[in-house]
Amino acid sequence: MGMLQEGRWVDIGYDTTASQGKFVRTQSQWRHWITAEGQAGPHGASGFAAEPGRYHLYVSLACPWAHRTLILRQLKQLQKLISVSVVHPLMLENGWTFARDFPRTDGDPLYQLDYLYQLYQKADPQATTRVTVPVLWDKHRETIVSNESADIVRMLNTAFTEMAAITPDYYPQELQPQIDALNAWIYPQINNGVYQAGFATSQQAYDSAADAVFDGLDKAEEILSQQRYLAGEQLTEADIRLWTTLIRFDDVYVTHFKCHRRRISDYPNLYGYLRDIYQQPGIADTVDLRHICHHYYRSHPHLNPAGIVPDRLQHDWLAPHHRDAG
Ligand SMILES: N[C@@H](CCC(=O)N[C@@H](CS)C(=O)NCC(=O)O)C(=O)O
């Protein structure tokens, strides 16, 4: 693991000493928006108009944040408009790489680079930044539009409406306050909470992160005992954001991040909901447990020095979920 410092790659891990053993995720630095006409979005510069073939999405199939963007690309049927490529699952001293010696990796189809940090250097030769996926890249201007998945999800939801098939709106106006309120606790308690539990370097930081994770899961279980999805009967962005953590939970977060108090398969509603979303068109294709398990168990030598990948759980994610029974 490492980062760019004034344009140079330095192999350093996350420092938790200044935060009493607590893992603090850094803010994404590229926050422009693709919009229908290229007008500026909620922040960032203008000039990123929605055009077929202009943008490329670099993802890891292991990463839950990248996974959100991949799912939106499927749900919004943007496959022909936005190209995608998959990095190698191992993230070690060179960060994410474009190595091809693992199934379903694509290398770098645009510039044949070796490492993702070289793409960041291309966008800004002087950058001081972590080098994260997803990256939404503009092939015309040869720069990063955004490396913040929460924003990418929103722009994929709306920017290409004029040129893509008609699809549902996953952040509909009338549900926005409710979705924002859900994201406001699901992100810190669950999405980022599992990382805070896993990367904690003090008992206290671990204890409070694990409590937050399971409080959050209990709360989600309760909501989903009343209704099919988090914001009601309609699938929204909030569900996709929760779901990419749930699908990794039993295989990885239980063991590797010590979130072992309960598994998702112990919660009847969360488990049915996990299967419900898994079974929707295009979603199962975005899930790759080999990438997920090899990434986590082999990319964090401080947590798992021998890099042993546990044997596989037997999931039946295609079993009936009965959540559409009404
Ligand atoms: N805020 C970012 C976070 C993305 C992120 O942290 N991705 C992880 C992979 S799961 C990563 O690339 N980490 C590399 C690093 O932090 O050096 C987003 O949601 O897009």
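Predicted model only: the values in this text are computed from it and were never measured. Ligands are counted one by one from 1 in listed order, and the atoms in each one are counted from 1 as well.
Residue contacts with ligand 1 for I152 are absent, since no atom lies close enough (heavy atoms, distance under 4.0 Å). In E148, the parts holding a heavy atom less than 4.0 Å from any atom of ligand 1 are both the side chain and the backbone.
Ligand-side atoms of ligand 1 in range of M91: 14 (C), range being under 4.0 angstrom from any heavy atom. The ligand atoms of ligand 1 that sit less than 4.0 angstrom from a heavy atom of C63 are 7 (N), 9 (C), 10 (S). For ligand 1, the atoms lying closer than 4.0 Å to a non-hydrogen atom of P134 are 20 (O). For ligand 1, the atoms closer than 4.0 angstrom to any heavy atom of Y195 are 10 (S). For ligand 1, the atoms lying closer than 4.0 Å to a non-hydrogen atom of S149 are 18 (C), 19 (O), 20 (O).
Ligand 1 has an N or O atom lying under 3.5 Å from an N or O atom of V133, backbone or side chain. Residue T132 has no nitrogen or oxygen atom sitting less than 3.5 Å from a nitrogen or oxygen atom of ligand 1, judged on distance alone. Considering backbone and side-chain atoms alike, R130 places an N or O below 3.5 Å from some N or O of ligand 1. Taking any N or O of R68, backbone or side chain, none lies under 3.5 Å from an N or O belonging to ligand 1.
Relative to the ring axis of Y111, K122 places its NZ or CZ within 45° and under 6.0 Å from the centre. Geometrically, R104 does not engage F102 in a cation-pi contact, judged by NZ or CZ lying under 6.0 Å from the ring centre and within 45° of the ring axis.
Within the 4.0 Å heavy-atom cutoff, M3 does not count among the residues contacting ligand 1. Put simply, no part of Y117 is less than 4.0 Å from ligand 1, judged by heavy atoms.
Among the candidates V287, D276, I277, the single residue satisfying the side-chain contact (heavy atoms from CB on, under 4.5 Å) test with W317 is V287. Considering Y115, Y58, Y117 in turn, Y58 is the only one that fulfils the ring-ring contact (aromatic ring centres under 6.0 Å, His included) rule with F98.
A salt bridge links R154 with D180: at least one charged nitrogen is closer than 4.0 Å to a carboxylate oxygen. Classification of D218 and R262 as a salt-bridged pair holds, one side-chain N sitting under 4.0 Å from a carboxylate O.
A donor and an acceptor atom, one from each side chain of D251 and Y296, are nowhere located under 3.5 Å apart. The closest side-chain donor-acceptor pair between R290 and H294, if any, does not fall under 3.5 angstrom.
In this structure, H300 has its ring center under 6.0 Å from that of F199.
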